[in-house]
Amino acid sequence: MLESHGSWYRKGLHDGIPIGLGYLAVSFTLGIAAQVSGLTAPQATLMSLLNNTSAGEFAALGIIAAGAPYVEMAFTQAVINLRYLLMSCALSQKIAPETPFWQRLLMGYTVTDEIFAISAAVPKRLDPFYCLGAISVAAPGWALGTCLGIVLGNALPGRVVSALSVALYGMFLAVIVPPARKNRVIAGVVVLSMLLSALFAWLPGLCALSSGTRIIILTVLIAGAAALKFPIVEDETHAA
């Protein structure tokens, strides 16, 4: 029996709670950076509501502080956030072909590293309302943390702010470890990704590439190799 959109939305809300809490902690440092760049609390909060990307927002703040033109801002954001195009393409293979365009459009707004991870882990078909449920918790957490960073950032000790900035990494580990423990292929891909990412950060020439470009290259190479070596049977993935 097919589940309703409401059921999928509630599942997304449930799974998005830890992501929202992690975003609340991590975006605190973004709020501090926004204040340094001259943004007010309402401006920074709106920025975080419309842009669910930490790397993109930190880069944007630097561009705003430098007074660079809008063209440079647009180009920088396109390069930094290009990896979300790959994630969106991957998730598009998990939804039903007859999914309306407006649902696909809203689903695109929800794509972040963490929401992509929990969405990709959903067995078989994925309903866009699952992603909408997750972002309904995650986006307010990200925006609220940014606002609190501006309002309260200077009142907290430096060690506390530093500790908050690493909370996202712990949350992301909590997302990828359970499926890696259940599937040896996923575990191998995770380990290989970490090793190659470290090499790309140190090897001459490759280390000069932006972090977003390195992520895109590694994603295509590793995901492509894993798909060829360990293909998933179509019926098992997309059974109704």
Side-chain angles (χ1 to χ4, degrees), residues 16 18-88 91 105-119 131-132 134-156 158 160-173 175 197 201 209-216 219:
I19 296 178
L21 293 176
Y23 283 178
L24 177 65
V26 174
S27 60
F28 202 93
T29 55
L30 177 65
I32 297 175
Q35 184 185 45
V36 173
S37 299
L39 269 66
T40 64
Q43 290 172 337
T45 302
L46 181 61
M47 178 183 70
S48 286
L49 278 175
L50 300 178
N51 299 275
N52 302 309
T53 161
S54 58
E57 287 190 66
F58 275 111
L61 292 175
I63 295 174
I64 291 173
Y70 291 129
V71 173
E72 183 176 339
M73 173 75 78
F75 179 77
T76 300
Q77 293 302 312
V79 173
I80 290 177
N81 298 316
L82 193 58
R83 69 185 187 277
Y84 294 124
L85 176 63
L86 299 178
M87 296 180 188
S88 297
L91 291 182
L105 192 63
L106 288 176
M107 187 177 176
Y109 165 73
T110 71
V111 177
T112 67
D113 296 334
E114 295 73 27
I115 293 180
F116 168 76
I118 62 174
S119 299
C131 303
L132 293 176
I135 199 66
S136 296
V137 183
W142 183 254
L144 178 59
T146 303
C147 181
L148 293 177
I150 290 184
V151 177
L152 303 174
N154 294 332
L156 293 179
V160 174
V161 175
S162 178
L164 290 174
S165 65
V166 300
L168 187 62
Y169 299 101
M171 180 193 63
F172 196 72
L173 286 175
V175 171
S197 181
L209 298 174
S210 67
S211 59
T213 302
R214 294 199 299 267
I215 290 174
I216 293 171
T219 300

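Heads up: numbering here begins at 1 and tracks the sequence. Quick caveat, the model's predicted, so the values are computed rather than measured.
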Roughly how far apart are [X] [atom1] and [Y] [atom2], rounded to 0.5 Å?
| X | Y | atom1 | atom2 | result |
| --- | --- | --- | --- | --- |
| Asn51 | Glu57 | CG | CD | 5.5 Å |
| Ile19 | Ile118 | CD1 | CD1 | 3.5 Å |
| Ile135 | Ser119 | CD1 | OG | 9.5 Å |
| Thr76 | Asn81 | OG1 | CG | 10.0 Å |
| Leu144 | Phe28 | CG | CZ | 10.0 Å |
| Tyr109 | Leu50 | OH | CG | 6.5 Å |

Show the nearest heavy-atom pair for residues [X] and [Y], with the distance to one decimal.
| X | Y | result |
| --- | --- | --- |
| Met107 | Thr110 | O-OG1, 2.6 Å |
| Gly149 | Ile32 | O-CG1, 3.5 Å |
| Thr146 | Ser27 | N-OG, 3.3 Å |
| Cys147 | Thr45 | CB-OG1, 3.2 Å |
| Ser48 | Asn52 | O-OD1, 3.4 Å |
| Gly16 | Val137 | O-CG1, 3.7 Å |

Are the side chain of [X] and the backbone N or O of [Y] linked by a donor-acceptor pair below 3.5 Å?
| X | Y | answer |
| --- | --- | --- |
| Gln77 | Gly56 | yes |
| Thr112 | Ile115 | yes |
| Thr29 | Val26 | yes |

Check: Tyr23 and Pro140 side chains under 4.5 Å, non-hydrogen atoms =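 The answer is no, as the side chains (C-beta and beyond) never meet within the 4.5 Å cut-off.
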
request  = Please tell me if the side chains of Leu61 and Leu30 come closer than 4.5 Å, counting only heavy atoms from C-beta onward.
outcome  =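 Yes, close enough: below the 4.5 Å cut-off.
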
task = Answer yes or no: does atom CZ of Phe75 have more than 12 heavy-atom neighbours from other residues, nucleotides or ligands under 6.0 Å?
result =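 No, the 6.0 Å shell around CZ holds no more than 12 heavy atoms from other groups.
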
